[in-house]
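This report refers to the structure that appears directly beneath it.
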Amino acid sequence: MRVSIIMAALMSVAAAPVFASDCKVTKAHYEALASGMTYDQAVSVLGCEGEEMSNTDIGGIKTVMLMWTGNSMGGNMNAMFQDDKLVSKAQFGLK
């Protein structure tokens with residue numbers, strides 16, 4: 001019985017979908033992002049969706065800040081989109 005529970009748990013992990021936390025962006029990914037890209041275009045370049053850090057709508061202008069985990073310890077990047085256009089990006093420790 002115990003073995004079948006462990007096997008069932010392992011099988012569910014193997015079948016689990018890939019989440020953004022499993023995606024690690026690189027400096028090359030970061031450098032490929034260009035001002036004016038849509039969020040969907042950025043996701044296509046980076047290979048995964050970002051984690052939303054903030055979201056505001058002031059005066060009809062929607063601003064969203066997202067973060068991606070990098071491929072090195074502590075490495076990360078973030079990007080800000082206004083009305084679905086990339087307006088700024090920053091990175092730390094990407095390789």
Side-chain angles (χ1 to χ4, degrees):
M1 170 102 170
R2 187 175 190 182
V3 171
S4 62
I5 292 171
I6 293 171
M7 290 299 292
L10 289 173
M11 288 173 56
S12 69
V13 169
V18 175
F19 294 103
S21 63
D22 297 329
C23 176
K24 305 294 184 204
V25 297
T26 66
K27 191 155 188 188
H29 287 122
Y30 172 81
E31 290 171 351
L33 296 178
S35 293
M37 279 185 164
T38 66
Y39 175 68
D40 287 340
Q41 290 170 325
V43 167
S44 179
V45 168
L46 299 171
C48 57
E49 295 185 355
E51 178 183 349
E52 187 173 301
M53 304 306 288
S54 66
N55 183 335
T56 61
D57 190 338
I58 299 173
I61 298 173
K62 183 174 181 173
T63 303
V64 181
M65 175 68 75
L66 298 119
M67 183 202 67
W68 285 261
T69 302
N71 64 337
S72 60
M73 182 174 286
N76 65 78
M77 67 154 282
N78 59 48
M80 182 181 296
F81 295 84
Q82 286 187 329
D83 292 334
D84 197 35
K85 302 290 182 194
L86 179 64
V87 294
S88 69
K89 63 182 183 172
Q91 66 89 21
F92 173 80
L94 296 181
K95 293 184 178 184

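Shown here for C23 and G47, the closest heavy-atom pair between the two residues is SG-C, 4.1 Å. What you find for M37 and A32 is that their closest heavy atoms are CE-O, 3.5 Å. L86 and A79 get closest at one heavy-atom pair: CD1-CB, 3.6 Å.
The line from CE of M67 to CE of M77 is 10.0 Å long, rounded to the nearest 0.5 Å. Atom OG1 of T56 and atom NZ of K62 lie 9.5 Å apart (nearest 0.5 Å). Here the straight-line distance linking atom CE of M65 with atom CD of Q82 works out to 9.5 Å at 0.5 Å rounding. In this structure, the separation between NZ on K85 and OG on S35 is 12.0 Å, given to the nearest 0.5 Å.
Here V43 pairs with Y39, E49 under the side chain to side chain contact (heavy atoms under 4.5 Å, CB included) rule; sequence neighbours left out. Partners of K27 under the side chain to side chain contact (heavy atoms under 4.5 Å, CB included) rule, at least two apart in sequence or in another chain, are E31, Q91, L94.
Formation of a donor-acceptor pair under 3.5 Å by the N76 side chain with backbone atoms of W68 is not found in this model.
No continuous path of hydrophobic side-chain contacts links V25 to M80 [ILVMFWY only; heavy atoms under 4.5 Å].
Counting heavy atoms from C-beta outward, L33 and Q41 have side chains that stay 4.5 Å or more apart.
No option in V87, T63, L66 other than L66 meets the side-chain contact (heavy atoms from CB on, under 4.5 Å) test with F81.
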